[in-house]
Engineer: 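One structure, as structure tokens, below. Some questions next.
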Amino acid sequence: MDPLDAVALARIQFGLNIAFHILFPTITIALAWILVYFRVRYARTGDGGWLATYRLWTKVFALSFAMGVVSGIVMAFQFGANWPGYMNKVGNIAGPLLAYEILTAFFLEATFLGVMLYGMNRVPGWMHLGATVLVAIGTTISAFWILALNSWMQTPLGHVVADGQIVAGDWWQVIFNPSFPYRLVHMMLASGLTASFLVAGLSAWRLLQSAEDVAAEKTLRTGVGIAALLVPLQILIGDLHGLNTLEHQPAKIAAIEAIWKTEKAVPLVLLAIPNDEKRSNDFALEIPKGASLILKHDPDAELQGIDAFAPDTPPVAPVFFAFRVMVGTGLLMLLLSWTGVWTLRRGARPPRWLLWAFAGFTFSGWVATLAGWLVTEIGRQPWLVTGVLRTQDAAGATSEAALGASLTGYVITYGLMLGAYTVVLTHLAGQGSAPPEPNPAGAAAGAAAGAAV
Amino acid sequence: MTPDLALVFTVLMGLAILAYVVLDGYDLGVGMLMPAATEREQDSMVASIGPFWDANETWLALGVGLLLVGFPQAYGMILGALYLPVAVMLIGLMFRGAAYELRIKAEGWHRELWNWLFWFGSFLASLAQGLMLGRYITGFEPGFGYLLFAVLVAGGLCGGYVLLGATWLVMKTEGKLRRKAIGWARWGLLWVALGVALVSVATPAASETVRDKWFDFPRTLPLMLLPAASVMAGIGVWRASGRLKRGEHAPQWAPFAGAVAIYVLAFVGLAYSLFPYVVMDRLTIWEAAAHPSSLKAVLAVALVVLPFIVAYTAFSYRVFWGKVGSGTGE
């Protein structure tokens with residue numbers, strides 16, 4: 001394939017878009033719930049420190065949310081502009097799911113975010129707490145629908161052909177398709193980890209500049225605690241998700257493990273350079289019978305290799321490497337979060353090396369999420385909807401010039417936005433939460449709300 | 001009798017787009033007015049749209065989402081033909097959204113930069129939307145004349161957004177800024193009047209379909225109520241803003257309500273011109289409609305959820321009713 005033909009450009013553009021977009025929901029889905037926690041702590045205690053913490057992280061949330069909204073609108077347009085074949089073929093399934101997301105989640109989040117950000121002095125405390133909870137519910141519903149659609153594209157079920165079109169035969173089966181529960185939980189946990197490392201990382205950054213900031217130490221503990229709890233859960237769910245993929249998308253597993261030939265007693269390839277031309281691995285570091293053992297729980301079991309799926313095979317190298325980046329980042333996150341919990345036990349003050357480590361891991365969730373996303377989406381190729389629609393059949397007739405011009409525009413815009421976003425975030429964190437404002441009325445309302453909760 | 005699903009869907013989509021144009025219209029308008037204000041005033045202006053702009057933009061997602069679900073063929077055709085202006089609009093909206101959030105957190109020249117980008121993004125998005133509308137009305141006909149027509153529509157739409165933004169500020173701000181906003185509103189109104197007049201003359205000239213629909217006696221007579229009502233609304237805005245300017249008693253919301261009325265009337269006129277086409281002269285709503293099963297699936301949820309959306313949107317406007325302070329919007 002000529003690397004710069006229209007399909008490739010459309011894929012690069014859409015891939016870039018969706019990769020840029022996913023950064024922000026990955027933060028906001030879980031950060032919304034962390035905000036609920038901060039808000040409830042404030043309501044219960046009436047402690048201005050929690051209020052200041054809540055305010056600071058609400059700013060981070062609002063910024064991330066706005067980035068998610070604007071890049072999400074771009075996607076709503078690009079579905080049709082870049083992939084008209086997708087909508088023509090499976091629009092009767094994808095369309096309603098996307099519309100459900102807009103109707104049940106987007107308005108809820110956007111409207112109550114307004115109340116959450118600017119309404120603290122205008123509505124009673126319980127109502128403000130309610131708005132915070134509704135925003136969190138909205139972000140979660142949003143993830144529900146979008147992962148239902150993504151999972152359906154991976155493991156389609158419940159569709160029928162009627163009047164020459166693919167339509168939903170059973171919406172329940174469409175939504176709760178075989179990979180959906182695993183993918184949803186996997187993504188929610190990924191968001192939890194991304195947000196908790198962000199909270200821990202930015203708090204650590206603040207503590208490096210001002211070691212006496214009590215609020216930052218509290219949020220550091222919150223972040224580290226959540227992370228330490230979620231990483232093992234994520235490893236467990238990831239494993240179950242992998243077994244589910246083996247059942248429904250064995251070609252993806254073959255690419256992840258770089259298994260070229262179908263055979264028995266397959267070794268586990270730890271590291272290698274998959275060679276597409278020779279259809280084998282160079283410089284492979286392997287554990288004998290490892291893959292059979294892990295995937296089938298039997299050292300001599302047979303596993304299907306890439307050859308079993310020809311000609312519909314995904315590219316091996318990117319899937320193989322992306323998977324290792326994801327797992328490697330995950331293991332480092334496990335190590336760091338548990339070290340953190342151990343070091344901070346019984347109220348110990350955080351040492352500087354730990355702060356530097358967490359500051360360095362601020363955006364580690366992004367790395368793991370993007371790598372995992374590459375695994376799952378490239379591993380699905382050449383299908384856009386497994387067994388139903390090929391990627392190349394979904395591309396449109398947009399000229400390469402128009403694609404190229406708009407791609408350039410998007411790249412510049414995203415680069416600027418991402419740069420500004422990270423700078424502002426670190427800047428905000430460096431300043432820390434403002435000293436609690438003298439606002440007895442608000443605090444009293446909050447305390448009263450706490451009593452009512 | 002089974003209900004005409006395609007028609008119901010068209011109405012729903014039309015309402016979503018109308019809601020978008022009016023709601024995001026005022027905050028885009030506020031964005032375009034930024035350079036005319038002092039730094040302190042800019043803070044108030046931005047604060048006045050703070051609680052709303054996220055939700056306002058969501059109507060765009062809903063409008064385009066309903067087009068996608070209800071009329072996939074038209075969606076492909078329209079977005080294919082408008083590929084570049086859509087990309088420009090999206091880039092504009094992104095700049096604006098990011099600049100909005102970033103400017104709050106910035107100081108000094110950073111803040112100046114984000115202010116400028118906020119204005120630039122608002123202007124770019126409005127202009128692109130106008131071009132899209134102009135191209136859409138004429139069914140994407142090629143040729144210089146049609147392009148000129150699109151530029152004309154773009155100018156008109158920008159004027160309309162400025163009018164909405166200015167009257168919004170009249171309603172939401174106080175003191176010197178409000179006095180300025182009254183002036184902007186009056187200029188915006190003249191701009192809109194000129195734009196609407198030119199577009200109203202040019203559209204029948206550019207499109208035979210539109211000409212036949214509007215100048216077919218005796219149907220023309222009741223149709224003339226639309227422009228007549230628009231003129232009335234325009235005069236209403238002019239007089240209400242005049243009274244406010246002279247410090248006489250008039251409702252603060254009157255100019256904004258008048259501006260919204262102008263938009264609604266123009267929208268009805270446009271809908272009448274196009275109906276039953278979803279792509280002018282090429283595709284009717286019935287030809288383009290998706291499979292009934294997916295129309296039903298979306299309608300069922302939409303009819304349950306939309307009343308809630310309207311209710312909590314109204315709640316949010318009630319919570320933030322009244323004048324905005326001159327704070328930074330925090």
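Numbers restart at 1 for each chain; the letters A, B, ... are given by sequence-line order, proteins then strands.
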Engineer: How long is the straight-line distance from OG of B:Ser293 back to CD1 of A:Ile93, given to the nearest 0.5 Å?
Structural biologist: 8.0 Å
Engineer: Could you have a look at A:Thr58, A:Leu108, A:Leu97 and say which one has the most heavy-atom pairs with chain B under 4.5 angstrom?
Structural biologist: A:Leu108
Engineer: Measuring heavy-atom distances to chain B, does A:Leu103 have an atom under 4.5 Å in its side chain, in its backbone, in both, or in neither?
Structural biologist: both
Engineer: What pair of heavy atoms forms the shortest contact from A:Arg122 to B:Trp321, and how long is it?
Structural biologist: NH1-O, 3.4 Å
Engineer: With a 4.5 Å cut-off on side-chain heavy atoms, are A:Val115 and B:Pro51 touching?
Structural biologist: no
Engineer: Where on B:Met89 is there a heavy atom nearer than 4.5 Å to chain A: the side chain, the backbone, both, or neither?
Structural biologist: side chain
Engineer: Might you point out which heavy atoms bring B:Ala61 and A:Phe106 nearest each other, and give the distance in Å?
Structural biologist: CB-CD2, 4.4 Å
Engineer: Counting only non-hydrogen atoms closer than 4.5 Å, does A:Val69 touch chain B with its backbone (N, CA, C, O), its side chain (CB onward), both, or neither?
Structural biologist: side chain
Engineer: Using every non-hydrogen atom in the two residues, find where B:Ser294 and A:Asn92 come nearest and quote the distance to one decimal.
Structural biologist: OG-OD1, 2.8 Å
Engineer: Which heavy-atom pair separates B:Ala55 from A:Thr111 by the least distance, and what is that distance?
Structural biologist: CB-OG1, 3.7 Å
Engineer: Quick one: CG on B:Leu62 to CD on A:Glu101, what's the gap to the nearest 0.5 Å?
Structural biologist: 12.0 Å
Engineer: Can you tell which part of A:Val424 gets under 4.5 Å to a heavy atom of chain B, answering side chain, backbone, both or neither?
Structural biologist: side chain
Engineer: Which one, A:Tyr421, A:Phe107, A:Trp171, leads in non-hydrogen pairs under 4.5 Å with chain B?
Structural biologist: A:Phe107
Engineer: So for A:Tyr100, is it side chain, backbone, both, or neither that comes closer than 4.5 Å to the heavy atoms of chain B?
Structural biologist: side chain
Engineer: Counting heavy-atom pairs under 4.5 Å to chain A, which of B:Thr58, B:Leu79, B:Leu67 comes out on top?
Structural biologist: B:Thr58
Engineer: So which residue, A:Met417, A:Glu109, A:Met116, A:Met67, ends up with the most heavy-atom pairs under 4.5 Å with chain B?
Structural biologist: A:Met417
Engineer: What part of B:Val64 gets within 4.5 angstrom of chain A, counting heavy atoms only: side chain, backbone, both, or neither?
Structural biologist: side chain
Engineer: Answer with side chain, backbone, both or neither: which region of A:Leu63 has an atom nearer than 4.5 Å to a non-hydrogen atom of chain B?
Structural biologist: both
Engineer: Just to be sure I understand the criterion: a residue of residues 16-25 of chain A counts if one of its heavy atoms is under 4.5 Å from a heavy atom of chain B. Which ones qualify?
Structural biologist: none
Engineer: Could you walk me through whether B:Glu57 and A:Val70 pass the side chain to side chain contact (heavy atoms under 4.5 Å, CB included) test, one step at a time?
Structural biologist: CA-CA 8 Å; B:Glu57 241 165 55; A:Val70 290; 3.6 Å; yes
Engineer: Determine which residues belonging to residues 112-123 of chain B lie within contact range of chain A, meaning some heavy atom pair is under 4.5 Å apart, and list them by number or answer 'none'.
Structural biologist: B:Trp114
Engineer: Can you pull the side-chain hydrogen bond (donor to acceptor under 3.5 Å, both in side chains) pairs that have at least one residue in residues 403-413 of chain A, sequence neighbours excluded?
Structural biologist: A:Gln13-A:Ser406
Engineer: Are there residues of residues 295-314 of chain B that reach to under 4.5 Å of chain A by heavy atoms, and which ones?
Structural biologist: B:Ala297, B:Val298, B:Val301, B:Ala302, B:Val305, B:Leu306, B:Ile309, B:Tyr312, B:Thr313
Engineer: Can you list the steps and then say if B:Phe52 with A:Tyr118 is a side chain to side chain contact (heavy atoms under 4.5 Å, CB included)?
Structural biologist: CA-CA 10 Å; B:Phe52 308 113; A:Tyr118 304 99; over 6 Å; no
